[in-house]
Amino acid sequence: MINPKIIRQHPEEVKAKLKTRGVDPKEVDEYIALDEQNRTAIAKVDDLKRQKNELSAQVKAADPKSEKGQALIKQVKKINAETTAVEAEQQEVADQLNYIAVRLPNLPADGIPVGPDEDSNVEVRKWGDIPEFDFTPKAHWEIGENLDILNFERAAKVSGARFVYYKDAGARLERAVYNFMLDLHTEEQGYHEIIPPYLVNAQTMFGTGQFPKFSEDVYTVESTGETLIPTAEVPLTNYYAQEILDEKDLPIYFTAFSPCFRSEAGSAGRDTRGLIRMHQFHKVEMVKFSKPEDSFEELEKMTLDAQEVLKRLGLAHHVIMLSTGDTGFSSAKTYDVEVWMPEQGVYREISSCSDCVDFQARRAMIRYRKEDGTVDYLHTLNGSGLAVGRTVAAILENYQQADGTVKVPDVLVPYMHGATVIK
RNA sequence: GGAGAGUUGGCAGAGUGGUAAUGCACCGGACUCGAAAUCCGUCGAACCGGCUAAUACCGGCGCACGAGUUCGAAUCUCGUACUCUCCUCCA
């Protein structure tokens with residue numbers, strides 16, 4: 001949620017900024033009007049309650065059974081009736097206000113490109129040479145099916161579209177990739193390794209911003225109401241929900257491997273083949289809890305941490321800064337890392353690193369106590385480090401050889417029990 | 001799934017209808033060259049509103065969460081969540 005004080009104090013700026021994210025300024029106007037009404041009503045209710053407390057104390061002093069006591073009780077009852085009425089009005093206003101507040105996306109950070117969609121994204125840096133082949137490179141699904149290490153047809157039979165079986169060296173490669181990623185994050189980059197719950201409750205989904213606006217994008221278990229996580233960001237960020245941390249403990253870095261489940265509602269027809277867009281996929285996630293003043297720097301570091309995975313795998317990639325319109329709901333600033341995919345000849349998203357500033361912290365109530373004793377919301381960040389299936393796809397395509405075999409990137413050889421080629 | 005117990009400030013821990021004891025810690029003050037010890041303190045939670053330069057002041061709220069009874073609820077009633085113990089089941 002956006003800090004309500006910012007909306008109150010700088011309404012025009014907020015309207016302008018949210019407009020770049022597709023929010024109608026009228027919605028902000030409505031918010032401001034409701035906020036004003038709400039505060040007036042709260043002041044009224046508080047004053048009535050104050051009167052009640054005063055009279056109630058007098059009742060005790062006077063002896064409730066006395067004539068005077070009975071008269072006072074009559075007065076209090078009257079005030080209570082009025083309080084109930086005003087409170088009901090206030091609650092209605094608060095509900096309307098809340099309805100808007102929880103659906104407003106985060107304010108975009110200063111300095112990010114303004115634009116309606118991905119066409120306004122800006123490349124910030126590039127790494128690696130685009131590989132050249134003396135044959136026509138195949139798509140990863142073709143390579144995987146030919147080597148009998150990926151099987152989409154059987155997965156379709158068993159589950160449906162957008163599912164896959166990994167087999168033999170395919171399964172081993174997937175496992176090698178995420179073990180390599182986790183080792184890098186934990187051994188060299190300072191992240192705590194976590195294995196989180198994969199089913200979470202609705203409040204948790206609200207905390208990171210998936211609910212209430214994006215509930216159709218996820219799978220919810222009918223019998224219990226829990227949701228299958230669409231990313232480990234959800235259980236990782238909510239780890240400290242409703243808690244107050246100590247300033248001296250910040251920043252805190254978490255990483256977790258997990259399956260991710262997404263309904264992919266609205267992406268019919270897109271990326272229908274291969275490992276790119278699945279209902280179930282693996283991801284190694286990074287999450288940071290940071291002091292507000294450090295969070296943008298932490299975002300830079302996190303993006304480099306994600307890039308490091310690709311560098312060591314020798315995969316060409318670039319980093320782009322997302323425009324206002326392309327930035328996700330909870331994020332103030334996002335870098336996408338895109339890896340080169342030879343068959344299509346394009347860069348494809350393999351990581352997305354976001355600074356959500358205090359937006360999620362407000363929803364999930366994650367705060368920290370400063371040295372001076374005051375309490376404030378901290379900043380949360382999240383990033384993929386990386387999407388495992390897409391990494392496997394990139395390896396298959398970038399390391400494919402003319403004979404249909406696939407070379408194993410050097411850093412993965414130990415994780416592949418010494419195998420240097422998948423054949 | 002069944003039975004029982006529990007959930008109060010940073011921690012410990014009282015309080016079964018009259019508006020949250022006490023101890024430790026913390027902070028401020030006294031004492032001291034300084035520290036420790038000792039003593040003193042409308043100290044003491046998060047959150048909301050008002051007024052603000054303010055983390056000052058005033059008020060609300062506040063005893064796991066939600067509802068109810070009452071002039072008044074930590075305390076009584078109902079519901080929910082979680083924790084612990086035992087039974088059952090189980091990878």
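Below, chain A is the first sequence line, B the second, and so on; all start at residue 1.
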Complementary nucleotide for G4(B) - Watson-Crick or wobble, under 3.5 Å: C84(B)
If we take the P atom in both U80(B) and A91(B), what is their distance in whole Å? 30 Å
Partner of A35(B) by Watson-Crick or G-U wobble geometry, both contacts under 3.5 Å, or none? none
Plane angle bin for His192(A) and Phe254(A) - parallel if under 30°, tilted between 30 and 60°, otherwise perpendicular: perpendicular
Name the pairing partner of C11(B), where a pair is Watson-Crick or G-U wobble with both distances under 3.5 Å, or state none. G23(B)
Which one is paired to U42(B), where only Watson-Crick or G-U wobble pairs with both distances under 3.5 angstrom count? none
Step through it carefully: locate the ring centre of Tyr368(A), locate the ring centre of Tyr377(A), and say whether they are under 6.0 Å apart. no
Under a 3.5 Å cut-off for both contacts, is G62(B) paired Watson-Crick or G-U wobble with anything, and if yes, with which nucleotide? none
Indicate the ring-plane relationship of Phe163(A) and His279(A), choosing parallel, tilted or perpendicular according to the 30° and 60° boundaries. tilted
Just N and O in the side chain of Lys60(A): are any of them under 4.0 Å from OP1 or OP2 of U19(B)? yes
Asn201(A) side-chain N/O to Thr204(A) backbone N/O, donor-acceptor pair under 3.5 Å: yes
Determine the Euclidean distance between corresponding P atoms of A45(B) and U69(B); express it in Å to zero decimal places. 31 Å
My understanding is that a pair needs two contacts under 3.5 Å, Watson-Crick or G-U wobble. By that rule, which nucleotide pairs with U75(B)? none
Under a 4.0 Å heavy-atom criterion, the protein footprint on nucleotides 44-63 of chain B, written with B, S and -, is --SSSSS----S---BSS--
Please set out all donor-acceptor pairs under 3.5 angstrom arising from side-chain atoms of residues 71-83 of chain A, sequence neighbours excluded.
{"unit_1": "Thr83(A)", "atom_1": "OG1", "unit_2": "Ile79(A)", "atom_2": "O", "d": "2.7"}

Donor-acceptor contact present, side-chain Ser331(A) to main-chain Cys356(A), <3.5 Å: no
